[in-house]
> 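Okay, handing you the structure first.
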Amino acid sequence: MTTETENIESLVNRRYEHGFVTDIDSDSLPPGLDEDVVRAISARKEEPEFMLEWRLRAYRLWLEMREPTWAHVHYPPIDFNEISYFSAPKSDKDRPKSLDEVDPKLLETYDKLGIPLHERARLAGVAVDAVFDSVSVATTFKEKLSEAGVIFCSFSEAVKNHPELVQKYLGTVVPQRDNFYAALNSAVFSDGSFVYVPKGVRCPMELSTYFRINAANTGQFERTLIVADEGSHVSYLEGCTAPMRDENQLHAAVVELVALEGAEIKYSTVQNWYPGDENGKGGIFNFVTKRGDCRGANSKISWTQVETGSAITWKYPSCILRGDNSVGEFYSVAVANNFQQADTGTKMIHIGRNTRSTIVSKGISAGRAQNAYRGLVRVMPQARDARNHTQCDSLLIGKDCGAHTFPYMEIKNPSARVEHEATTSKISANQLFYCRQRGISEQGSLQGITHGICRRSAESAQRQPRRRRRLGTVNA
Amino acid sequence: MLEIKDLKASTGDTPILNGLSLTVKAGEVHAIMGPNGSGKSTLAQVIAGHEDYVVTEGSVEYKGRDLLELAPEERAREGIFLGFQYPVEIPGVNNAYLLKAALNAKRKHHGVDEVDAFEFLKLAREKMALLGMDPKFLNRGVNEGFSGGEKKRNEILQLAMLEPELAILDETDSGLDIDALKAVAQGVNALRSPDRAIVLVTHYQRLLDYVEPDVVHVLSGGKILRSGDKSLALELEEKGYDWVREAANA
């Protein structure tokens, strides 16, 4: 007889496959944070004076700030003095020029992760700027990109080689004082990616970076800046895995996107960090600030995210629709299981005329997970004829998990058209049992029931003409 | 076919079955009667493998195998069918889809070719005609918006399609009008055969007028207090359950 091993537990609860630690001699700073640590980081990275000053200003601002508590997540207090703020593979001084020079153990790690670095990268048509802990080790396809004039490098390299661009755009989307974690990141960020696409250039390939947290106890603070100059186009994919760890690991990244007139940036994230075990132990704390600025007219920024990892996720990729006719999009699928907590969503800030935004958020919760959508649509007084459509769907599996929706709307222009649709569906243990009692596997049952829910919501959307709500001026 | 020995089971911290033993042989029809809260439904759920009920002691053998080791879907494919007291609604999943998936899961398990859509429809229409059911049933969501009677008929349709070896019907007769009751009885009787067994869990003697049991058991406090032939059911109807309890305590 055939044994059905595919049950939900093994499906959703599949043990994290990427849990291993590579034994590379790390060159880490001792735990703790003060001005000297900030200076040490900057010195280690041989940064110009402006960068150090910028970090110190952020550090001083951070000291005055408090950890935010409004998110629908719960975790023990983080001792920021127990975290080491810098960790780099030891071979930092003589960095490898090609993959042959890369520490074989590092390559093994990539191998285990299945990162398409070597030939696989070419086949996949992907340029990988692999960030291992905090320092970029290898960047591929640089030549092809430079032919097109596209700059794609680690943030440290950008600070060295393109200081004028960094100085011009860094912190212009997410200011240092924006929030607690953004300030922390601004003070101690280790590395990240930098992209600049010149005027009128369509980036010839999908850019991709894999992040991986490796050294124990090292919070990683990436900083990513993508600038798309007038009429340019770029698509960027960020993917994440982290090794299995017992302590919670803090991750506070900042991503800034700038789209000038007529430019388009597509930013996709597949996040598969270690979420903690069945009992909620371990896992990554992910407090991220991601924001895009549609600075020029007719520009477009699109965020796509698939969230399956992290013990705690706190993340709101946002768009500032400053340019007239600019477009912001946010597409999100968040899956939370066991004790995972996700508080995620977006902000669409309409400033320019005739700006449009679309928000589609799908949340799936199982086990004891809590999944929250938190979204803000703000239409400023000068934003005439702004439009937004928001669709939030939540699916609950079992009775111990939760889905929460916190939509905020601040409409200050009467011509705005803002729509919000939300559905919550639930798969009960009894529905599953009913199907299984008829001989259908747990996985098959889950698929069938989910399919049914989707079908019903699609039908009801067709049946009713879309509910349109015209919201007047709200001075709340 | 089914051999239950000293079965103890609880849900949460509440013990419900307290050392229940029951033997059901192929070809037999058993009726399990008893007052509310006596453990009738729990017994049915435990046999089907519902995870809310934990077996703390005792054993359940089915066709010579340890039943408790098997997942609910494996038990179903091995021929156990539970007619639910409260059939669950599954919106958006149509009846035909569920039935076909269930039928093919079982066929695949037994190494028989899966039925295609045409064979399936032919078979389903036959069974529905026998049970006096409207073919439109197939295209409705599983139990979605069904009346109480429709839900129970739907259980019988599934029973007829899946042709289980051991069918346990948990109060399939309750809340039915006389026509629906007859349809249910017809479905059950059609299944009777020397290599199948049927366990009817019921409150009332009424169903037993149409489906004649070989053995009647009285369940109370999580144990079988008394077993007998069909006349026991009539006696119960007349004297009530207290009579059995008193007799057991005497």
Side-chain angles (χ1 to χ4, degrees), chain A residues 1-13 278 362 364 366-368 393-401 423-464, chain B residues 44-45 47-53 63 65 69-95 97-111 140-144 151 154-155 157-159 161-162 164 167-168 170:
Chain A
M1 77 174 261
T2 54
T3 29
E4 284 284 349
T5 45
E6 10 156 65
N7 53 32
I8 309 183
E9 245 124 86
S10 73
L11 197 77
V12 199
N13 272 351
E278 297 80 16
K362 310 265 178 197
I364 300 172
R368 292 169 181 277
D393 299 313
S394 308
L395 180 63
L396 301 170
I397 302 175
K399 59 183 190 303
D400 298 322
C401 55
T423 64
T424 301
S425 317
K426 189 176 166 177
I427 294 179
S428 73
N430 283 337
Q431 285 176 322
L432 269 177
F433 180 64
Y434 188 81
C435 294
R436 293 178 71 192
Q437 210 300 307
R438 297 301 180 244
I440 302 166
S441 69
E442 192 163 12
Q443 190 185 353
S445 306
L446 198 60
Q447 278 171 358
I449 299 167
T450 310
H451 190 85
I453 290 169
C454 298
R455 201 170 125 177
R456 274 288 169 273
S457 52
E459 282 170 3
S460 73
Q462 281 164 6
R463 251 197 321 271
Q464 304 165 348
Chain B
Q45 299 280 343
I47 295 171
H50 197 295
E51 60 185 19
D52 282 357
Y53 301 92
K63 295 199 286 189
R65 289 183 58 187
E69 273 187 348
L70 303 180
E73 58 268 35
E74 292 171 324
R75 301 180 192 197
R77 292 171 201 166
E78 281 292 318
I80 292 181
F81 178 92
L82 172 63
F84 284 77
Q85 184 178 4
Y86 304 107
V88 186
E89 298 196 12
I90 309 176
V93 176
N94 76 37
N95 244 336
Y97 173 88
L98 180 85
L99 266 176
K100 184 161 168 268
L103 187 62
N104 280 333
K106 193 171 175 185
R107 291 176 73 102
K108 197 174 165 194
H109 176 71
H110 291 284
R140 290 172 65 180
V142 176
N143 295 319
E144 195 181 1
K151 285 183 182 173
N154 202 27
E155 294 292 289
L157 172 64
Q158 294 176 4
L159 175 80
M161 291 291 288
L162 296 172
I168 302 156
D170 189 4

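In the text below, chain A, chain B and the rest are named by the order of the sequence lines, each starting its count at 1.
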> For residues A:Ser428 and B:Glu89, determine if any side-chain heavy atom of one lies less than 4.5 Å from a side-chain heavy atom of the other.
no
> If I measure from the heavy atoms of chain A, does B:Pro164 come under 4.5 Å with its side chain, its backbone, both, or neither?
neither
> Using the ring of each side chain (for Trp, its six-membered ring), is B:Phe84 parallel, tilted or perpendicular to A:Phe433, with breaks at 30° and 60°?
perpendicular
> What closest approach, in Å, do A:Ser441 and B:Glu73 show between heavy atoms, and which atom pair accounts for it?
CA-OE2, 4.0 Å
> Using every non-hydrogen atom in the two residues, find where A:Gln431 and B:Pro91 come nearest and quote the distance to one decimal.
NE2-CD, 3.7 Å
> Could you check whether B:Glu155 pairs with A:Arg438 (Lys NZ or Arg NE/NH1/NH2 to Asp/Glu carboxylate O, under 4.0 Å)?
yes
> Can you say whether B:Leu162 sits under 4.5 Å from chain A via the side chain, the backbone, both, or neither, judging by heavy atoms?
side chain
> Using non-hydrogen atoms and a 4.5 Å limit, figure out which bit of B:Asn104 sits close to chain A: side chain, backbone, both or neither.
neither
> Search all heavy atoms of B:Ala101 against all heavy atoms of A:Ile440 and return the closest pair with its distance.
CB-CD1, 3.7 Å
> If you take all heavy atoms of B:Val93 and A:Gly452, which pair is closest and at what distance?
CG2-CA, 3.8 Å
> Please flag which part of B:Tyr97 lies under 4.5 Å from any non-hydrogen atom of chain A: side chain, backbone, both or neither.
side chain
> Supply the atom-to-atom distance B:Asn94 CG to A:His451 NE2, rounded to the nearest 0.5 angstrom.
9.5 Å
> Of the non-hydrogen atoms in B:Ala76 and A:Gly439, which two are nearest, and what is the gap between them?
CB-N, 3.4 Å
> Counting heavy atoms not belonging to B:Lys63, are there more than 12 under 6.0 Å from its NZ?
yes
> Sequence neighbours excluded, which residues qualify as side chain to side chain contact (heavy atoms under 4.5 Å, CB included) partners of A:Ser394?
A:Ala403, A:Thr405, A:Thr424
> Passes side-chain contact (heavy atoms from CB on, under 4.5 Å), A:Asn430 versus B:His50? Steps please.
CA-CA 9 Å; A:Asn430 283 337; B:His50 197 295; 3.1 Å; yes
> Does any non-hydrogen side-chain atom of A:Gln437 lie less than 4.5 Å from one of B:Ile80?
yes
